[in-house]
Amino acid sequence: MTLASVFPHPIIQGPTAGGFNTPAQVAAVSNAGALGSLACSLLSPELIRAQTAQIRAFTDRPFCLNFFVQQTPNPSIDAVEQAKQWLKPVWSSLGWTELPTPAKWCEDFAAQFEALIALRPAVASFTFGILDAEQVRRLHEAGIFVIGTITHVDEALAWERCGADAVIASGLESGGHRGTFIGAQEDAILGTFELLPLVVAAVRIPVISAGGIMHGADIRRALDGGAQAVQMGTAFLVSDESAIGPAYKQRLLTAGEHPTRLTRTFSGRYARGLENHFMRMMADQESVLPPYPIQNALTSPIRAEAGKRGETELMSLWCGTGVARARPMPAAKLVETLLAEIGKK
Ligand SMILES: Cc1cc2nc3c(=O)[nH]c(=O)nc-3n(C[C@H](O)[C@H](O)[C@H](O)COP(=O)(O)O)c2cc1C
């Protein structure tokens with residue numbers, strides 16, 4: 001099946017976890033003929049159902065629900081206490097006397113998966129891991145088009161083998177978390193336009209290119225390189241309907257040549273964002289911090305408090321290397337602008 005038979009225009013608004021994708025944003029993109037995505041990884045099944053209902057109130061076009069394929073961890077008390085101590089310079093700088101232990105480390109993926117099957121969106125995409133063939137079969141039975149996120153060729157072949165309909169080839173430029181699930185995250189180093197031809201040559205299913213794609217010329221280059229569509233995260237993060245706070249948005253829109261860095265200090269998994277004081281404070285412990293989602297859950301109250309205070313030096317300022325070329329406007333207008341730039345409208 002081609003992507004064009006699922007949604008007309010070759011643009012996917014990247015899912016952006018953290019509450020940034022509003023149902024209004026997802027619907028605006030889908031109504032414009034591209035594919036809107038809702039990041040569901042941090043949402044309970046109840047919230048996924050509620051937000052999907054809101055999307056459906058705004059659009060009857062196809063949209064995508066996106067998930068992290070993950071297992072709930074069970075860290076030792078000692079490991080958690082050690083991780084809290086490593087974070088002490090950060091939480092004491094907020095005036096706190098202790099860091100709370102989260103009530104849960106992450107949402108239950110099995111429960112999210114059952115909610116997904118029942119909701120039957122046109123498309124579901126996955127990152128951080130891979131499904132098994134039986135899970136893909138159940139999604140297909142529910143009429144859902146299945147997309148896996150990959151950062152190198154072996155991962156693309158693995159998704160193709162388990163029956164996925166397409167893969168997102170995410171290059172090193174990408175904003176937010178790296179999706180690597182085979183081998184070390186540090187070893188998945190190919191840039192978007194190095195990765196794309198290798199994946200296109202390796203698999204028969206459609207390839208979607210992601211990472212640093214900001215303008216029509218980037219989309220054209222990806223399509224000419226064999227991609228059937230692109231996924232754009234940072235570009236839509238600054239759209240009017242996105243729920244990022246004003247301080248974060250301001251940092252993105254004034255990023256200029258401020259460097260983005262890959263860091264695991266916020267979440268325990270490598271992710272790209274604007275370099276800030278938090279990353280520098282935690283740099284010495286970066287290699288020993290607990291893995292995702294433990295570190296992510298521990299830093300969650302810190303990031304939430306920093307967000308409330310507009311303290312961008314302690315927030316995760318996720319974005320891709322193309323951030324300086326981000327253009328704030330309504331999401332539908334961005335789709336329209338991009339289509340005009342690639343000569344499609
Ligand atoms: C703030 C932020 C959050 C993200 N959250 C998710 C997510 O929940 N699931 C996912 O598959 N990708 C996620 N991504 C990746 C994007 O969907 C997209 O693939 C990536 O941003 C592409 O690179 P670009 O930012 O250079 O456009 C996130 C990216 C950002 C910037």
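Ligands are counted one by one from 1 in listed order, and the atoms in each one are counted from 1 as well.
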| field | N-O pairing of Arg138 and Glu134 below 4.0 Å | value |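 The answer is no: the pair does not qualify as a salt bridge.
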For [atom], what is the nearest protein heavy atom, given as residue, atom name and distance?
{"atom": "atom 26 (O) of ligand 1", "result": "Gly212 N, 2.7 Å"}
{"atom": "atom 1 (C) of ligand 1", "result": "Trp318 CB, 3.5 Å"}
{"atom": "atom 30 (C) of ligand 1", "result": "Thr16 CG2, 3.6 Å"}
{"atom": "atom 25 (O) of ligand 1", "result": "Thr234 OG1, 2.5 Å"}
{"atom": "atom 19 (O) of ligand 1", "result": "Gln231 NE2, 2.9 Å"}

Hey, does the side chain of [X] reach the backbone of [Y] with a donor-acceptor pair shorter than 3.5 angstrom?
{"X": "Thr52", "Y": "Ile48", "value": "yes"}
{"X": "Ser316", "Y": "Trp318", "value": "no"}
{"X": "Ser37", "Y": "Cys64", "value": "no"}

Against heavy atoms of [X], which atoms of ligand 1 measure under 4.0 Å?
{"X": "Met232", "result": "27 (O)"}
{"X": "Phe68", "result": "7 (C), 8 (O), 9 (N)"}
{"X": "Gly211", "result": "22 (C), 23 (O), 26 (O)"}
{"X": "Ala39", "result": "8 (O)"}

[Y] and [X] side chains, donor-acceptor separation under 3.5 Å:
{"X": "Glu173", "Y": "Thr192", "result": "yes"}
{"X": "Thr180", "Y": "Thr151", "result": "yes"}
{"X": "Thr312", "Y": "Arg251", "result": "yes"}
{"X": "His177", "Y": "Thr127", "result": "no"}

| Atom CD in Glu141, atom CZ in Arg120: separation rounded to 0.5 Å? | 8.0 Å
| message | Ring centres under 6.0 Å, that's the criterion: do Phe67 and Phe113 meet it? | response |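 That pair fails the under 6.0 Å test.
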| Tyr248 near ligand 1, heavy-atom distance under 4.0 Å? |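 Yes.
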| ligand 1 contact by Phe67, heavy-atom criterion under 4.0 angstrom | no
Region of [X] that comes within reach of ligand 1 [heavy atoms, distance under 4.0 Å]:
{"X": "Phe126", "result": "neither"}
{"X": "Ser174", "result": "both"}
{"X": "Asn66", "result": "side chain"}

| field | Other residues, nucleotides, ligands: >12 heavy atoms within 6.0 Å of His277 NE2 | value | no
| For atom 28 (C) of ligand 1, which of Pro15, Ala17, Gly233 has the closest heavy atom? |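 Selected option, by shortest heavy-atom distance: Pro15.
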| field | Heavy-atom proximity to atom 15 (C) of ligand 1, best of Gly175, Ser170, Gly18, Gly14 | value | Gly175
| field | Contact (N/O only, under 3.5 Å) between Gly176 and ligand 1 | value |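 Looking only at distances, the answer is no, because the N/O contact criterion of under 3.5 Å is not met.
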